[in-house]
Number of protein chains: 2
Amino acid sequence: MIQVDTFDLKMLAALQDDGRLTNQQLADLVGLSASQCSRRRMRLEEEKVIAGYHADLAGEALGFELIAFIHITLATHSPDNAKKFRELVNRVDDIQEAYSLTGDADYLLKVMLRDLKSLSAIVNDVLMPHQSVAHVRSSIVLDRLKESMKLPLRALER
Amino acid sequence: MIQVDTFDLKMLAALQDDGRLTNQQLADLVGLSASQCSRRRMRLEEEKVIAGYHADLAGEALGFELIAFIHITLATHSPDNAKKFRELVNRVDDIQEAYSLTGDADYLLKVMLRDLKSLSAIVNDVLMPHQSVAHVRSSIVLDRLKESMKLPLRALER
DNA sequence: GCGTATTTGCATGCACTTTGCACACCATCT
DNA sequence: AGATGGTGTGCAAAGTGCATGCAAATACGC
């Protein structure tokens, strides 16, 4: 685990909020000079504490109005099935996130789609017929209470 | 839904990948001049197609090694309970994402934590005792197969 | 076709970034 | 104490990127 001091934490928190902050703005926020922020930011990028910067697009504005979570149970727990399923997940780019889980479902997928027809297509035409998949249960998101995309860095402060 | 042409889509895709691209880099990627990219980017920001830019922090590097999904069922479906639960979710900043869902669980939470003890604390000390909550089921993430954070913009082309 | 509106590239002044450099601070060893 | 090396800092200057005005080019309506 990498050495990160209070200045770094402040910078990380600020950049989590606004990934395009200039070094000068950062400097004003954390109380260092711009050059120092530049250097520290480079260090954090190089050490991969900052994995990258991404524009956050408004899905609704672009017509992606439907988010759904899909719980998947595999047919059998053979390595072969797991591998095939992984390939499926990576091939379908409507699948935004995929996790393997403890508990009664094997995998949890998050998909972002334009309409119910697309969800139906994914579930009935792509997932259900796939040989590795035994069981599919999908839930549609009714409301997004919270979607912070931010780590609770406050937990790291001392 | 907002008017977005091919240039915009290319820019959005590029900025999804790297939110700190300069206008000049953007220009080279999409085939416009830098000034034009600047103007278009400003437009996309103003029209909230670009909701923001965020640094993507490496959770593991900072000690957040545990991701879990928590399914919640509310005690009763009163508006009062829903409101109380919302407040709870917003207060606890270990809860990164929260959705209300169709299907057999009412809510799905995503938490990012430092260890199992923290998960236990959230589940047993915060969620379970809360008056609005009837049932809690948590699943730990074993593997992250995919975590793209990117919209499949290709669906919008042509 | 002709006029209007929009989009484009270029040029420019301004702001931001990055680098070298000198200095301050701290720990360690003699 | 004093010397030594490492790290972190601000400042200044040179390089780089950004935003805006402007004129040319393109698209659009009638």
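Throughout, a chain's letter reflects where its sequence line sits, starting with A, and its residues are numbered from 1.
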Could you work out, with salt bridge (charged side-chain N to carboxylate O under 4.0 Å, His left out) as the rule, every residue matching [X], not counting sequence neighbours?
X: A:Asp28; answer: none
X: B:Glu147; answer: B:Lys110, B:Arg144
X: A:Asp93; answer: B:Arg154

Residue-level proximity of residues 14-29 of chain B to DNA chain D when a heavy atom falls under 4.0 Å:
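Going residue by residue through residues 14-29 of chain B, the ones with a heavy atom under 4.0 Å of DNA chain D turn out to be B:Thr22, B:Asn23, B:Gln24.
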**OP:** Describe, as an angle rounded to 10 degrees, how the axis at the first end of the helix from C:dG1-D:dC30 to C:dT30-D:dA1 is tilted relative to the axis at the last end, five pairs per end.
**Re:**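 One end's axis against the other's: 30°.
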Side chains of residues 126-138 of chain B: which donor-acceptor partners sit under 3.5 Å, not counting sequence neighbours?
residue  : atom : partner  : partner atom : Å
B:His130 : ND1  : B:Ser132 : N            : 3.3
B:His130 : ND1  : B:Ser132 : OG           : 2.7

With sequence neighbours left out, the residues meeting ring pair (Phe, Tyr, Trp, His ring centres under 6.0 Å) with A:Phe64 are none
Open item on the list: Suppose clustering is done on Ile, Leu, Val, Met, Phe, Trp and Tyr with side-chain heavy atoms closer than 4.5 Å. Which residues sit in the same group as A:Met149?
Closed with: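 Hydrophobic cluster check, A:Met149: joined to B:Met149.
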Those residues at least two apart in sequence (or on a different chain) that pass side chain to side chain donor-acceptor pair (under 3.5 Å) with A:Arg40 are A:Asp5, A:Asp8
Residues 13-22 of chain B vs side chain to side chain donor-acceptor pair (under 3.5 Å), sequence neighbours excluded, gives B:Asp17-B:Lys150, B:Thr22-B:Gln25
**OP:** Please determine, by modelled atom types, if A:Thr73 and A:Asp106 share a side-chain donor-acceptor pair under 3.5 angstrom.
**Re:**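 Note: A:Thr73 and A:Asp106 side chains miss the donor-acceptor criterion.
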Show each protein N/O and nucleotides 7-14 of chain D N/O combination with a separation under 3.5 Å, one pair to a line.
residue : atom : partner : partner atom : Å
D:dT9   : OP1  : A:Arg40 : NH1          : 3.2
D:dT9   : OP2  : A:Gln36 : NE2          : 3.0
D:dT9   : OP2  : A:Arg40 : NH1          : 2.4
D:dG10  : OP2  : A:Ser33 : N            : 3.0
D:dG10  : OP2  : A:Ser33 : OG           : 2.8
D:dG10  : O6   : A:Arg39 : NH2          : 3.0
D:dC11  : N4   : A:Ser35 : OG           : 3.0

task = Walking along DNA chain C from 5' to 3', note the first and the last nucleotide with an atom under 4.0 Å from a heavy atom of chain B, and give both.
result =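 In short, chain B contacts DNA chain C from C:dT7 to C:dC10.
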